[in-house]
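Sequence lines set the chain letters: A, B, ... in the order given, protein chains first and strands last, and positions in each chain run from 1. Since this is a predicted model, take the numbers as computed values, not measurements.
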Amino acid sequence: MYLDAILNPLNEAQRAAVSAPLVPVLVLAGAGSGKTRVLTHRIAWLIQVEHASPYSILAVTFTNKAAGEMRGRVEQLLGAPPGVLWIGTFHGIAHRLLRLHWREAGLTQGFQILDSDDQQRLVKRIIKANDLDESRWEPREVTWFINSNKDEGRRPKDLKAGNDPTRAQMIRLYGLYEEACARAGVVDFAELLLRAYELWRDHPELLAHYRQRFRHVLVDEFQDTNSIQYAWLRLIAGPEGHPFVVGDDDQSVYRWRGARVENLQQFRRDFERSKLYRLEQNYRSTAAILMAANGLIAHNSGRLGKTLWTNGEPGLPIQLYAAFNERDEAEFVARRVADYVASGNRRDDIAVLYRSNAQSRAFEEAFIAARIPYRVYGGLRFFERAEIKDALAYLRLLLNRDDDGAYERVVNLPTRGIGERTVETLREEARAAGSSLWKAATSRSDAQQGGRTANALRGFHELIDRLAQEIAGLPLHEQIDHVLKQSGLIEYHGREKPSQDAVRGEVARNEARLENLAELVSAARSFGAESADLELPPLEAFLAHAALESGERQSDAGEDSVQMMTLHMAKGLEFMYVFLCGMEEGLFPHQRCISDLEALEEERRLCYVGMTRAMKHLYLTYAEQRRLHGMDTHPAPSRFIKEVPQDIVAEVRPRVQVARAVAAARMRRDQPAVPAIRFRTEEPPPPGMHLGARVRHGKFGEGVVLNVEGSGPHARVQVNFEQQGTKWLMMQYANLEPVS
DNA sequence: CGTGGGCGGATTTTT
DNA sequence: TCCGCCCACG
């Protein structure tokens, strides 16, 4: 019986959720409690037990990765490719709807998608075109204004400026931006969602059709939905529907980009018949780690409430390390990593997590010095790389000459004598005529046709027209290959820097760019049927794919390496050993969040997310001195450290000969199972730094030496300052003066 | 038209 | 401190 396969692998709570009746369902799924499993098994349950047609199922996620995983696991479970199932991201599904109903949605048939970078550039061009000061009207801010309004479902006409001239200008720019998008036939990410929502809202017959069809809607990571996504969900579900949503209010960390945890509560109000299920059994972490995480998150208010528990190992206490500075912090982590690897662990199982990307630097340096392979996540993804975007701009222009963004990007790339002056004139002409740059250029009067730049411009247009003709009928990858070669892009990146005694990095970078371009062709070759059902020509489909799925972050997988990433990127992942670093006030919680309770609670959730990534060992580290923006700071340890129940925290201190008596008190809580660190040297302590000595520090004032470890530049002393309390300091940096 | 130096700003990121 | 962007120069 199918039932067994679906329900047997589940625990009681999971089983209850999976086999819930056809009413609206909210599953509160704690970290590591089998959330994806519940979703996939629910889909199988609907099909095999409720006899739902796969055709009637719509499953929505936030990331392509999650969608891919879900699809894979459903296939596995059903033993067949559930081809007709709609599983995708909010954006992917919105895109699909808009392709199918572009006319009703008020779009052009071949509309293309702007990624955030394209969008920002467009906003910037609009600001410039309106002679506004870019420092007064920052493109970032304007873009944020536009997107956050779209996220809330508001068009320019819905906005009132009141007496606020700044706001009035913002609204005006929003309107101009919309016009520009319409003229160029492009939509941004937020627009995909808003249009899809409006499509259904304004076309009752379409909505009725899709409601009839998608009887079963499932949503992953529901706590991350924004207003428009939730409104869209309510539309498709209708008053009689029974959406199945899974989320965790304690893991909501994207409020700053429009996510609304309140949607969880709102769901219960809007769907009165809804049932709530809690998944609290955790299959990932040790009891100690869960106690720490539970204790921390209990400090947040207004939670739906949930306590993780496990049947598994009690595990080791949380290890807390107080470093002198970020270098010491990194060296500590590197030593521990080396220990783990020496005892047979894979580096892939070790993660260094931090609040902000800048923190990776110190760790990279320490890992390089210790010859530990590592991988930093973050940075540009494949389709975001400049050379790739250049190539895509050519392709976009081939499909749509009115795509001004694409036009500006490649009109002089490679250099063909069309300078800023020429483009500026073109922009003015286009603005005056209310047309695109391409049209403005082609409709110039004869008087303007003679000069050198006019010839260059004509050459460019002829190139584009010629390419468009030449690639007609070719297979996708040959189209791209042809454009890359004939446009001169390959040559442009391929040429060696002349003279300038071979800057080696430059050559390497050019090679990498050429490789990426080659990779683009092979990506096109393997880009197959996935969008066939949209009845889009392959090139259009490929461009949409490039925008919606920006590709891998790292090309060089391969070697077993320590994983380094921000806490945000770690969400949804798990690691055997986790180092949660930079646990300092001002860094984590971040300075900008400290005075805002909502933001502070989000920081705490982020910390909770970080802690619950760990399966076996969790370390918290902080530095007593940290260089930030080139300035030395002396941050206090993060409040989050104190919010963890102290009886499951063990402070790590290097074990040394000196001052054993004082250290012993600290050591009592340290666990013997964790290998102690030994200093290589056992030379006498630095002069004047004996126990009980009075010393003065530039910032902390006077204090008494409580503890001394090591010698030479690496020596560290613990000082009890009259004002600031007890601190560990590094002799090398501290500049302590003896006081007599 | 391309580059180098000066200046300002410096969470978090997916689609 | 360091990185990215803008402008002035070659």
Side-chain angles (χ1 to χ4, degrees), chain A residues 60-67 88-95 113-119 124 128 134-135 138-140 144 147 150-151 187-194 196 221 224-226 228-229 252-259 326 353-362 377-381 383-384 386 412-423 453 456 492 497-498 500 503 506 544-551 553 565-572 582 586-594 596 599 602-603 605-607 609-610 626-633:
Chain A
V60 198
T61 64
F62 274 84
T63 64
N64 292 302
K65 196 173 153 212
T89 63
F90 276 101
H91 291 85
I93 284 165
H95 174 240
I113 302 166
L114 293 186
D115 68 18
S116 336
D117 184 56
D118 299 330
Q119 183 189 28
K124 193 169 174 176
K128 276 190 176 158
E134 268 186 73
S135 53
E138 286 181 37
R140 261 191 54 193
W144 183 85
N147 286 339
K150 287 190 179 185
D151 285 348
V187 297
D188 59 52
F189 289 130
E191 185 73 24
L192 285 172
L193 300 177
L194 180 51
E221 302 276 17
D224 287 337
T225 50
N226 64 26
I228 202 70
Q229 285 161 334
S252 161
V253 293
Y254 288 116
R255 190 182 78 112
W256 53 275
R257 62 175 201 212
E326 69 274 10
L353 307 183
Y354 36 77
R355 176 65 232 266
S356 68
N357 289 306
Q359 286 168 257
S360 71
R361 191 186 210 91
Y377 286 80
L380 289 187
R381 297 148 125 240
F383 286 110
E384 292 167 351
N412 198 34
L413 191 100
T415 321
R416 46 174 73 87
I418 302 168
E420 186 49 34
R421 276 310 294 268
T422 315
V423 179
T453 51
Y492 176 74
K497 286 271 159 184
Q500 300 206 3
V503 186
E506 189 63 42
H545 165 82
L548 286 175
E549 252 183 88
S550 30
R553 278 191 181 276
M565 68 191 81
T566 63
L567 287 155
H568 283 92
M569 291 204 52
K571 190 171 164 227
L587 235 200
F588 191 34
H590 194 274
Q591 193 60 45
R592 294 157 106 122
C593 302
I594 279 177
D596 173 358
E602 179 147 314
E603 294 286 287
R605 291 192 290 268
L606 192 57
C607 186
V609 165
R626 180 178 297 272
R627 252 184 124 74
L628 221 53
H629 313 314
M631 301 244 291
D632 274 337
T633 59

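Here the side chain of Arg140(A) is nearest to one of dT11(B), dA10(B), dT15(B), namely dA10(B). Considering only the side chain of Thr415(A), dG2(B) comes nearest among dG2(B), dT15(B), dC6(C). With distances taken from any side-chain atom of Arg361(A) to the nucleotides dT12(B), dT15(B), dC3(C), the minimum falls on dC3(C). Ranking dT12(B), dC6(C), dT15(B) by closeness to the Glu134(A) side chain, first place goes to dC6(C).
Asp188(A) comes within 4.0 angstrom of no nucleic acid atom, judged by non-hydrogen atoms across all strands. Residue-level contact check: Asn357(A) touches the backbone only, with heavy atoms under 4.0 Å from sugar-phosphate atoms and none from bases. Using a 4.0 Å heavy-atom cutoff across all strands shown, Arg416(A) reaches no nucleic acid atom at all. Among the protein residues, Glu602(A) comes within range of no part of the nucleic acid, since none of its heavy atoms lies under 4.0 Å from any strand. Residue Glu603(A) is in base contact, counting any heavy-atom pair closer than 4.0 Å across all strands shown. Residue Met569(A) is classed as a sugar-phosphate contact, given heavy-atom separations below 4.0 Å to backbone atoms only. Ile418(A) comes within contact range of the sugar-phosphate backbone alone, with a heavy-atom separation under 4.0 Å but no base atom that close. Using a 4.0 Å heavy-atom cutoff across all strands shown, Asn64(A) reaches sugar-phosphate atoms only and no base atom. Using a 4.0 Å heavy-atom cutoff across all strands shown, Lys124(A) reaches sugar-phosphate atoms only and no base atom.
In terms of position on DNA chain B, the residue among His568(A) and Gly417(A) whose nearest nucleotide sits closer to the 5' end is Gly417(A). With DNA chain B read from its 5' end, the first of the two nearest nucleotides for Glu420(A) and Glu138(A) is the one closest to Glu420(A).
A salt bridge does not link Arg361(A) to Glu326(A): none of the charged side-chain nitrogens sits closer than 4.0 Å to a carboxylate oxygen.
Listed pair Arg255(A) / dT12(B) fails the phosphate criterion, with no side-chain N or O lying under 4.0 Å from OP1 or OP2. The side chain of Thr566(A) contributes an N or O atom lying less than 4.0 Å from OP1 or OP2 of dT13(B). The shortest distance between the side-chain N/O atoms of Arg381(A) and the OP1/OP2 oxygens of dT15(B) is below 4.0 Å. Considering only side-chain N and O atoms, Arg592(A) lies under 4.0 angstrom from the phosphate OP1 or OP2 of dT11(B).
Both thresholds, 5.5 Å between centres and 30° between ring planes, are met by Trp256(A) relative to the base of dT12(B), so the two rings are stacked. Between the side-chain ring of His590(A) and the base of dT11(B), a stacking contact exists by the 5.5 Å and 30° definition.
Listed for the His590(A) side chain is a donor-acceptor partner under 3.5 Å among the backbone atoms of Arg592(A). In terms of modelled atom types and a separation under 3.5 Å, the side chain of Asp118(A) and the main chain of Asp115(A) share a donor-acceptor contact. In this structure, the side chain of Thr566(A) does not engage the main chain of Asn357(A) through any donor-acceptor pair within 3.5 Å.
Contact of the Phe189(A) side chain with the Lys150(A) side chain is not registered, since no non-hydrogen atoms from C-beta on lie closer than 4.5 Å. By the 4.5 Å heavy-atom criterion applied to side chains, Asp188(A) and Ile113(A) are not counted as neighbours.
In this structure, the CG atom of Asn412(A) is 6 Å from the P atom of dG2(B), given to the nearest Å. Nucleotide dT15(B) holds its C1' atom 4 Å from the NE2 atom of His91(A), rounded to whole Å. Separating the NE2 atom of His629(A) from the C1' atom of dC7(B) is a distance of 16 Å, rounded to the nearest angstrom. When rounded to the nearest whole Å, the span between CZ of Arg605(A) and C1' of dT12(B) equals 13 Å. Regarding Asp117(A), its CG atom lies at a distance of 13 Å from the C1' atom of dG4(C), rounded to whole Å. Atom-to-atom, CE of Met631(A) to P of dC2(C) comes out at 15 Å; the value is rounded to the nearest Å. One interatomic measurement links the two molecules: CG of Leu628(A) to P of dC3(C), which rounds to 15 Å at whole-angstrom precision. Atom pair Tyr354(A):OH and dA10(B):C1' shows a separation of 16 Å (rounding to whole Å applied).
Ser252(A) approaches Asp224(A) most closely through the heavy-atom pair CA-OD1, 4.3 Å.
Side-chain atoms of Ser116(A) come within donor-acceptor range of the base of dT15(B), with a qualifying N/O pair under 3.5 Å. At a cut-off of 3.5 angstrom, the base of dT1(C) holds no donor-acceptor pair with the side chain of Arg627(A).
Taking the syn range as angles within 90° of 0, the glycosidic angle of dT11(B) is syn.
Taking atom P on both nucleotides, dT12(B) is separated from dC5(C) by 15 Å, rounded to a whole Å.
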